[in-house]
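Computation of the quantities below employed the complete heavy-atom set of this structure, encompassing side-chain atoms and omitting hydrogens, waters and symmetry-equivalent molecules. Proteins get letters first, then strands, A, B, ... in listed order; numbering begins at 1 in each.
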Amino acid sequence: MIRITFPDNTVQEFEEGVTGLDIARSISNRLAKEVLSVSVDGVVWDVHRPIYHDAKIKLYTWDDEEGKHAFWHSSAHLMAEALEELYPGIKFGIGPSIDQGFYYDVDPGDRAITDADLPGIEEKMQEIVARKEAFQREEVPKEKAMEYYQDKGDQYKVELIRELEDGEISFYTNGNFTDLCRGPHLPNTGYIKAVKLLGVAGAYWRGDEHNKQMTRIYGITFPKKKMLDEYLQMLEEARKRDHRKLGKQLELFSFSQKVGSGLPLWLPKGAALRERLENFLKQIQKEYGYQQVISPHIGQKELYETSGHYAKYGKDSFQPIKTPDENEEFLLKPMNCPHHCEIYRHTQYSYKDLPVRFAEFGTVYRYEQSGELHGLTRVRGFTQDDAHIFCRPDQLKEEFKKVMDIILKIFEALEFDTYTVQASLRDPDKKDEYIGSDENWEKSEKAILETVEETGIEAKIEYGEAAFYGPKLDFMVKDALGREWQLGTIQVDYNLPERFDLE
RNA sequence: GCCGAUGUAGCUCAGGUGGUUAGAGUGGCUGUUUCGUAAACAGCAGGUCGAGGGUUCGAAUCCCUCCAUCGGCUCCA
């Protein structure tokens, strides 16, 4: 007998080799039907995997992320099996569960998989669901795993296995399809009652644009048909609230090919809305001690060479504007920072005058890649409610907190109630991609992390997400379609003042 | 930038396996009815079927290039 500890710390004895499913059944038949995965001493397992030792367990159903993920992960394997049956020789990359469903990256060789193929794949998946094929776990040594995929000719899996540590590697098999996988999975394909493939897309192998582009197939599944219908209904409702659609319907903004893509035209109603928003924001800025400044839309190229922007983005930006004077070049401003530095320079400040806070509704232009343009959320010309604070080191945290206050106040007023906060730090393995000294980076990252801790705001830390000149605290909100966008950002920059020689 | 899809009246869309004057709803305009809570009826206007090449006796329909949009990937100062 082994001792199983439940989340409420009660302990019960079971036969050795008992499964999560058995345990669920001992509690109630309903739970046995609903349980999708089980954590055993903190590791999420298949509910049908035998437990041979004393353990602390927790059962997961559809209501838990862990349960959903087992479900969708198994769905990815189900789709892979269907794909292999329909397209023999197709090669597989990775196929994880995601927040809403799952995907699998595949390399179909010479043929292309398009939206038109999805219904056929769905049909095949339903066939396999009807077969109720078990997901069987098997542990194999690394060399065996390698051999299997080398024989199969699946170079992507070979690459993945090569990077795994020596020791036992787990395979899962459903029907004729075997996949390298940590699990966990459902007991069998019969759990998956409703299937919908949502789209195909190109995706670079391992997220690197220098690698081959694979075909990613997105899908979602549910344990009940009705849940799928509700999901599709919800998607349709979300589409109605797409800001691009509303902008058109309400005559707020439009685009013209003659003006250029990514360059929004604000119609009278949109301009009126924007004016109200600006007035609201200016009022807050005033309350917090900001002075409004105004700077031109262009600046000498040298200004951006000094800031470092030209070296980093010059090649991929709107190209310099020439004047009748030879050797004279201007850049459309991609950022307001250098201009504000020059405004600061105009006046001589004593340390007693600090902090000095400049705010501007500054219009900037960035040559975004053509594939990135998206309504008003990703454009080539836009106006930021931007501000720069020049302060003493001892004032930094307090100023930072005040900016956080402002952002949260605005989010509240605009009813952005499901934002997330992200501390965007530099990638410690790619220090050469950032400007400035290690010392400056350490100081500024420390300042952000400490301030976050002092305020108690919940922030996730992301390495490699910093701007090239400094770390950021980013405030992200989701749009109607569930896509996340960075709206507010607070940055600590020790580099710029040095580069502009500001004392 | 990359992969895939799409591009027909102001808007939403149908049609199209090459063949006479390109359709609907809605919106617009004119008039009639009349007071209907997206008012009813009649009529009118509105499209070089994204742009440019090509194949053909003939192209909105087939081919190529480009542009834009959409779904993703990559990028995001």
Check the angle between the aromatic planes of A:His374 and A:His243 and answer parallel, tilted or perpendicular using the 30° and 60° thresholds.
tilted
Provide, to the nearest angstrom, the distance between the NE2 atom belonging to A:His243 and the P atom belonging to B:U69.
12 Å
Watson-Crick/G-U partner (both atom distances under 3.5 Å) of B:G52:
B:C64
Separation between the C1' atoms of B:U30 and B:G46, rounded to whole Å
15 Å
What integer distance in Å separates A:Asp479:CG from B:C70:P?
12 Å
Once the angle between the rings of A:His77 and A:Phe177 is folded into 0 to 90°, is it parallel (under 30°), tilted (30 to 60°) or perpendicular (over 60°)?
perpendicular
If I take atom OH in residue A:Tyr103 and atom P in nucleotide B:G71, what distance separates them, rounded to the nearest angstrom?
18 Å
Given atom CD of A:Glu251 and atom P of B:G27, what is their separation to the nearest angstrom?
14 Å
Give me the one residue out of A:Tyr104, A:Tyr156, A:Trp205, A:Tyr103 that meets ring-ring contact (aromatic ring centres under 6.0 Å, His included) with A:Phe92.
A:Tyr104
Looking at B:A59, which nucleotide sits across from it as a Watson-Crick or G-U wobble partner, both distances under 3.5 angstrom, or is there none?
none
Between C1' on B:C67 and CG on A:Leu263, what's the gap in Å once rounded to a whole number?
15 Å
Going by the angle between their ring planes, with limits at 30° and 60°, are A:Trp72 and A:His69 parallel, tilted or perpendicular?
tilted
Just to confirm, is there a sub-4.0 Å distance from OP1 or OP2 of B:A68 to any side-chain nitrogen or oxygen of A:Ser261?
yes
Decide whether A:Glu439 and A:Ser437 meet the rule of one side-chain donor and one side-chain acceptor closer than 3.5 Å.
no
Does the plane of the ring in A:Phe222 sit parallel, tilted or perpendicular to the ring in A:Tyr231? Use 30° and 60° as the thresholds.
tilted
Intermediate values then yes/no, ring-ring contact (aromatic ring centres under 6.0 Å, His included), A:His309 and A:Phe468
CA-CA 9 Å; A:His309 286 89; A:Phe468 73 94; 5.2 Å; yes
Summary of protein contacts for nucleotides 72-77 of chain B, nucleotide by nucleotide, where a base hit scores B, a sugar-phosphate-only hit scores S (4.0 Å, heavy atoms)
BBBBBB
In the strands shown, is B:U32 matched to any nucleotide by a Watson-Crick or G-U wobble pair with both distances under 3.5 Å, and which?
B:A40
Take the protein atom CG of A:Asp242 and the nucleotide atom P of B:G71, then report the distance between them rounded to whole Å.
7 Å
Nucleotide forming a Watson-Crick or wobble pair with B:G23, both distances under 3.5 Å:
B:C13
Has A:Ser370 got a side-chain N or O lying under 4.0 Å from the OP1 or OP2 atom of B:G1?
yes
Would one find a side-chain N or O of A:Lys212 under 4.0 angstrom from OP1 or OP2 of B:C2?
no
Verify the contact: side-chain N or O of A:Arg244 to OP1 or OP2 of B:G71, cut-off strictly under 4.0 Å; return yes or no.
yes
Here the distance between atom P of B:U6 and atom CG of A:Asp115, to the nearest Å, is 8 Å
Just how far, in rounded Å, is P of B:G71 from CG of A:Leu373?
12 Å
For B:C70, the Watson-Crick or wobble partner whose two distances fall under 3.5 Å
B:G4
